[in-house]
There are 2 protein chains.
Amino acid sequence: MPERQQQILEAAVRVIARNGVRGLRVEKISAEAGISTALIYYHFGNRAGLLRHTLEFINDRAAVYTQQVSAETPRAELELLLSRELQDSETVRENSTAWGELRASAVFDAALREPLAESTRIWVGEVAEVIERTKAKVDAVAVAERLTTLVEGLSERWLSGSMTLDRAQELLKGAIAREIG
Amino acid sequence: MPERQQQILEAAVRVIARNGVRGLRVEKISAEAGISTALIYYHFGNRAGLLRHTLEFINDRAAVYTQQVSAETPRAELELLLSRELQDSETVRENSTAWGELRASAVFDAALREPLAESTRIWVGEVAEVIERTKAKVDAVAVAERLTTLVEGLSERWLSGSMTLDRAQELLKGAIAREIG
DNA sequence: GTCTATAGGTCGATAGAC
DNA sequence: GTCTATCGACCTATAGAC
């Protein structure tokens with residue numbers, strides 16, 4: 001990807017993480033990136049195109065996280081994979097916030113649904129694969145769906161201030177223990 | 001509450017359920033309610049005031065649902081209480097959508113966080129109380145937090161088109177079985 | 001309490017120069 | 001590729017009549 005486009009998309013993720021998709025004003029992104037609004041239209045056509053590319057960009061960054069996961073046992077790998085969205089680092093919080101916004105936006109924006117569902121499928125698949133490697137006698141797909149869905153819920157409670165990050169991580173660990181022993 | 005105000009708030013919930021908080025345009029609500037925009041400003045001052053009252057209104061409606069729950073056994077009561085947000089009726093879908101929007105908005109709007117956290121606490125408390133009555137030997141509060149959080153995640157996957165309602169209900173039942181046997 | 005009419009502002013998008 | 005300048009649509013909010 002051209003450097004300038006990547007620069008714009010990074011600014012877009014920051015703006016979404018700060019103000020939400022409802023705060024995604026093309027003007028704000030151009031200010032954040034230090035360029036003109038016209039340049040954004042030159043690169044992405046319109047606001048919807050920018051939003052779509054931003055979603056893909058967030059997906060790709062999450063995929064990179066995933067590949068970086070490496071652990072001794074499948075069980076440890078599972079914990080890492082699931083707590084990916086529950087870390088108090090700037091980047092993770094930013095990604096998790098933007099990700100939550102895109103899920104919430106997809107409820108009202110049909111164009112976002114298919115890419116969102118696809119990303120969700122991929123994540124569930126990855127988690128299910130690791131669960132199978134733990135040799136636990138469970139329905140790996142159902143467990144993967146429950147655990148990833150739980151993580152999304154925990155993430156939203158954390159980010160909206162209804163739960164501390166520590167508590168979210170603790171509840172996740174408890175759920176993993178309940179699900180695969 | 002004056003009838004006219006309630007009529008406006010009901011229209012606001014419908015508009016939020018259809019277009020999200022992002023789509024909450026005062027004009028749309030006035031059209032939905034069949035009145036002028038000026039009348040909304042007369043009753044609620046400004047857009048923020050209208051939003052705040054609408055969210056309180058949503059809270060109150062959810063509380064009414066809860067009181068209507070009645071079942072033979074605590075276990076059955078638990079299932080009813082949790083699947084409250086996962087029903088394909090017009091009203092539930094509307095409420096669930098608006099509720100999800102409230103959670104998503106609270107990430108970026110500090111003024112919404114406290115009322116949201118309070119409602120969440122109440123819901124978790126109700127669920128925990130029912131779990132205790134099932135006599136299951138578990139940490140009732142932790143289980144209640146996990147199950148209610150899961151429901152929120154399932155609701156969002158359902159409403160955003162990443163999961164069917166049937167599947168969401170099935171996964172919830174599986175989770176209840178795992179958690180309290 | 002409720003309306004019509006409109007001021008005033010914001011924002012997406014484009015034209016045209018460089 | 002990138003900018004400045006600006007149009008035009010849309011939206012919140014208010015003034016003033018009834």
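Chain naming here is simple, since letters A, B, ... match the order of the sequence lines and numbering starts at 1 in each.
Atoms NE2 (His43(A)) and C1' (dG1(D)) sit 6 Å apart, rounded to a whole Å. Taking atom CG on Leu50(B) and atom P on dC11(D), their separation rounds to 15 Å, with Å as the unit. With rounding to whole Å, Phe44(B) atom CZ is found 15 Å from dT2(C) atom C1'. For Tyr42(A) and dG1(D), the OH to C1' distance is 5 Å, given to the nearest whole Å. Note: CG (Leu39(B)) to P (dA15(D)) measures 17 Å, nearest angstrom. Rounded to an integer number of Å, the gap from CD1 of Ile40(B) to P of dT12(D) is 10 Å.
Remark: Glu118(A) engages Arg121(A) in a salt bridge (charged side-chain N to carboxylate O under 4.0 Å, His left out) (not counting sequence neighbours). Listed by chain and residue number, nothing satisfies the salt bridge (charged side-chain N to carboxylate O under 4.0 Å, His left out) test with Arg25(A) (two or more places apart in sequence, or in another chain). By the salt bridge (charged side-chain N to carboxylate O under 4.0 Å, His left out) test, Arg52(A) is found to be paired with no residue, residues two or more places apart in sequence or in another chain being considered. In this structure, the salt bridge (charged side-chain N to carboxylate O under 4.0 Å, His left out) partners of Arg167(B), at least two apart in sequence or on a different chain, are Glu145(A), Glu170(B). Ser155(A) meets the side-chain hydrogen bond (donor to acceptor under 3.5 Å, both in side chains) test with Ser96(A); sequence neighbours excluded.
Sorted by first then second residue, the salt bridge (charged side-chain N to carboxylate O under 4.0 Å, His left out) pairs that include residues 29-38 of chain B, not counting sequence neighbours, are Arg14(B)-Glu32(B), Arg18(B)-Glu32(B). Sorted by first and then second residue, the side chain to side chain donor-acceptor pair (under 3.5 Å) pairs with a member in residues 172-181 of chain A read Arg146(A)-Glu179(A); sequence neighbours excluded. The ring-ring contact (aromatic ring centres under 6.0 Å, His included) contacts involving residues 8-54 of chain A comprise Phe44(A)-His53(A), where partners must be two or more places apart or lie in separate chains.
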Under 3.5 Å, which donor-acceptor pairs link side chains of residues 102-109 of chain B to any protein atom two or more places apart or in another chain?
residue	atom	partner	partner atom	Å
Ser105(B)	OG	Arg22(A)	NH1	2.7
Ser105(B)	OG	Glu101(B)	O	2.7
Asp109(B)	OD1	Ala111(B)	N	3.1

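Comparing dT2(D), dT2(C), dC3(C) against the side chain of Arg4(B) picks out dT2(C) as the nearest. Minimum atom distance to the side chain of Ser36(B) is reached by dC3(C), of the listed dT2(C), dT4(D), dC3(C).
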*Between protein and nucleotides 12-18 of chain C, map the contacts as a letter string: B base, S sugar-phosphate only, - none, heavy atoms under 4.0 Å, written 5' to 3'.*
SBBB---
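Checked for salt-bridge contact, Glu10(B) and Arg61(B) miss the test: no charged N lies under 4.0 Å from a carboxylate O.
Contacts between residues 8-20 of chain B and DNA chain C, defined by a heavy-atom separation below 4.0 Å, involve no residue at all.
Between the two ends of the helix from dG1(C)-dC18(D) to dC18(C)-dG1(D), each summarised by a five-pair axis, the helix axis turns through 0° (rounded to 10 degrees).
When all heavy atoms of Ser119(A) and Asn59(A) are compared, the closest pair comes out as OG-ND2, 2.6 Å.
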